[in-house]
Protein chains: 2
Amino acid sequence: MHRALIVEDQNLMRLALMAEIRAGLPDCYVAGAQTLQIARQLLTDDQFDLVVTDPGLPGFDPTSVEDRLHVVEVIVAAAPDAAHVVVTGSDDEMEAKACRLLGVGGYVCKTGLSHGDLPRVLDEIGRGAFASRLSTSGSLDPDMRFPTLTPREDQIVTMMMRRKTGTRRREVFEKMATKAGISPASAEKYYKLARAKLLKLGRLPKGL
Amino acid sequence: MHRALIVEDQNLMRLALMAEIRAGLPDCYVAGAQTLQIARQLLTDDQFDLVVTDPGLPGFDPTSVEDRLHVVEVIVAAAPDAAHVVVTGSDDEMEAKACRLLGVGGYVCKTGLSHGDLPRVLDEIGRGAFASRLSTSGSLDPDMRFPTLTPREDQIVTMMMRRKTGTRRREVFEKMATKAGISPASAEKYYKLARAKLLKLGRLPKGL
DNA sequence: CCCGATGGGGATGGTGCCATCCCCTCCCCA
DNA sequence: TGGGGAGGGGATGGCACCATCCCCATCGGG
């Protein structure tokens with residue numbers, strides 16, 4: 001995977017998807033298009049081996065299955081050799097099957113797509129499977145984002161607040177250490193730092 | 001603005017909106033909810049002074065104006081003193097007016113919302129205006145994101161590629177310098193570095 | 001012919017985050 | 001009463017990015 005194209009009209013979502021791709025495929029050039037016209041232009045100018053498409057593009061009726069599949073068809077036809085993923089806001093198993101028949105390798109619902117999921121989807125596609133991720137998922141915990149916390153601090157705070165009641169902090173440190181590839185002591189350090197910052201701000205949440 | 005809540009079911013979009021808020025309001029605590037239930041819980045547990053809501057939540061029909069306005073109504077009722085912004089994928093001037101009547105201060109279409117826009121919307125609301133941003137916008141340039149480029153390098157490369165034909169590079173450096181608060185020489189430096197990296201990768205686009 | 005725009009380098013200090021390893025209290029419970 | 005969990009510190013080196021300032025070569029046109 002060296003060159004990817006994201007076709008999505010919502011700017012922030014397109015940027016987010018591009019960031020996901022870049023995080024998962026560090027050496028990947030990523031382009032973005034907000035309309036079908038731009039997408040076709042880019043696909044004829046360049047060669048891409050991954051195309052992520054939201055079929056709800058401007059100029060088409062997002063509620064019309066016909067319009068949506070037409071977008072997918074055009075994109076797939078413009079890059080028949082690329083791996084294709086359809087990312088959609090609305091969730092439709094029938095549409096997923098239709099996309100598959102059009103040559104799409106993955107069908108993902110935005111509702112069920114979290115940070116870090118896309119690489120797994122690409123893995124599945126790479127192994128020849130049809131990757132389908134509908135909105136059934138998943139963690140319905142509220143998000144929290146605190147000011148002045150670094151990413152690591154934020155990470156351990158989030159994990160700590162979401163731990164099941166009765167879990168020792170120790171265990172969370174170890175889980176975090178495993179997930180991040182660092183030592184549990186460092187995880188504990190980040191937790192302490194984060195806690196101190198939040199205390200100073202008077203924003204210490206209940207879960208400590 | 002010290003405490004903000006983002007009500008949005010699409011994980012990546014919620015994260016992106018939370019990041020936008022954090023970038024614009026550096027000292028702001030930002031929470032996220034993916035369902036109306038979680039949002040109500042958070043709004044009763046805590047006090048928020050800004051709530052950003054996408055009315056297309058799970059359990060409601062995103063195409064039903066009634067369902068959508070009901071979501072907005074519940075959220076506004078749960079935080080009557082907060083500033084409210086509705087962020088929507090579909091664009092409806094009538095819905096915007098209805099939201100305004102419900103006490104919402106801003107109505108923004110995701111299609112027209114780019115990185116850095118939200119603070120401007122909040123400014124308008126802060127000045128007592130009803131901020132409406134429909135999908136009329138805007139720049140329809142393709143996005144590019146290159147691997148191994150640092151943010152600064154990416155920034156100047158993007159600006160350079162989007163310059164009007166005939167614009168001197170010099171002028172772009174100055175524009176970038178003004179926008180980023182750095183010296184034109186530094187902007188030029190980043191451009192040169194980026195160019196060198198892209199050359200080494202053999203990925204130098206046409207605009208140089 | 002020199003100047004300005006362009007292209008290609010290197011050296012600098014500063015900052016923030018990462019990841020370690022270390023120290024110290026306090027309290028509760030076994 | 002001792003030890004482990006919890007809280008509150010500090011010191012370290014490494015690294016990436018930021019922002020500056022400096023050098024050099026080429027090339028075109030006034």
Side-chain angles (χ1 to χ4, degrees), chain A residues 19 22-23 26-27 115-116 145-208, chain B residues 19 22-23 26-27 145-208:
Chain A
R22 293 208 49 181
D27 285 335
H115 180 59
R145 206 101 312 169
F146 299 94
T148 76
L149 292 196
T150 70
R152 277 284 187 257
E153 288 161 4
D154 204 294
Q155 191 179 352
I156 185 61
V157 164
T158 301
M159 290 184 68
M160 194 56 76
M161 285 197 305
R162 287 187 180 170
R163 92 200 128 136
K164 293 188 192 72
T165 53
T167 312
R168 303 240 173 284
R169 299 194 188 282
R170 199 67 178 282
E171 303 171 42
V172 181
F173 296 145
E174 268 150 29
K175 194 175 157 199
M176 158 95 172
T178 306
K179 192 180 288 185
I182 61 177
S183 79
S186 294
E188 189 176 352
K189 179 69 187 171
Y190 295 132
Y191 170 74
K192 288 180 178 179
L193 260 180
R195 208 188 121 92
K197 286 186 183 179
L198 294 179
L199 251 184
K200 206 175 300 176
L201 292 172
R203 292 274 164 71
L204 197 59
K206 302 171 211 170
L208 290 203
Chain B
R22 292 207 50 182
D27 284 336
R145 207 101 311 169
F146 300 95
T148 76
L149 292 197
T150 69
R152 277 284 188 259
E153 289 161 3
D154 204 292
Q155 190 179 352
I156 185 63
V157 164
T158 301
M159 290 184 68
M160 194 56 76
M161 285 196 307
R162 288 189 179 169
R163 93 199 126 135
K164 292 188 190 75
T165 53
T167 312
R168 304 238 172 286
R169 300 197 189 281
R170 198 67 179 283
E171 301 171 43
V172 182
F173 295 146
E174 268 151 29
K175 194 175 156 197
M176 158 95 170
T178 305
K179 194 180 286 185
I182 62 177
S183 78
S186 295
E188 189 176 353
K189 180 68 187 172
Y190 296 133
Y191 169 73
K192 288 180 179 180
L193 262 180
R195 209 189 119 94
K197 285 186 182 179
L198 294 178
L199 252 184
K200 206 175 300 176
L201 291 172
R203 292 273 165 70
L204 196 59
K206 302 170 211 169
L208 289 204

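Per chain, numbering begins at 1; letters A, B, ... match sequence-line order.
Atom C1' of nucleotide D:dG7 and atom NZ of A:Lys200 are separated by 14 Å, given to the nearest angstrom. The separation between B:Leu199 atom CG and C:dG8 atom C1' is 10 Å, rounded to whole Å. In this structure, the CD atom of B:Glu188 is 9 Å from the P atom of C:dG7, given to the nearest Å. For the pair B:Glu171 CD and C:dG4 P, the computed distance is 16 Å after rounding to whole Å.
The shortest heavy-atom contact between A:Val157 and A:Ala194 is CG2-CB, 3.4 Å.
Among the protein residues, B:Leu193 comes within range of no part of the nucleic acid, since none of its heavy atoms lies under 4.0 Å from any strand. If you check every strand for non-hydrogen atoms under 4.0 Å, B:Tyr191 touches sugar and phosphate atoms only.
For the pair A:Arg169 and D:dG7, the criterion of a side-chain N or O lying under 4.0 Å from OP1 or OP2 is met. Remark: B:Arg195 is not in phosphate contact with C:dT6, judged by side-chain N or O atoms under 4.0 Å from OP1 or OP2.
In this structure A:Tyr190 satisfies the ring pair (Phe, Tyr, Trp, His ring centres under 6.0 Å) test with no other residue, sequence neighbours excluded. Residues satisfying the side-chain hydrogen bond (donor to acceptor under 3.5 Å, both in side chains) criterion with B:Arg195, sequence neighbours excluded, are absent altogether. In terms of the side-chain hydrogen bond (donor to acceptor under 3.5 Å, both in side chains) criterion, residue partners of A:Lys197 (sequence neighbours excluded) are, by chain and number, A:Glu153. Under the side-chain hydrogen bond (donor to acceptor under 3.5 Å, both in side chains) criterion, B:Arg170 pairs with no residue at all, not counting sequence neighbours. The side-chain hydrogen bond (donor to acceptor under 3.5 Å, both in side chains) check on B:Glu188 picks up nothing, with sequence neighbours excluded.
Residue A:Arg170 places its side chain closer to D:dG5 than to any other of C:dA5, C:dT6, D:dG5.
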Could you run through nucleotides 12-30 of chain C and give me one letter per nucleotide, 5' to 3': B if any protein heavy atom sits under 4.0 Å from the base, S if only the sugar-phosphate is that close, - if neither?
-> -----SSBB----------
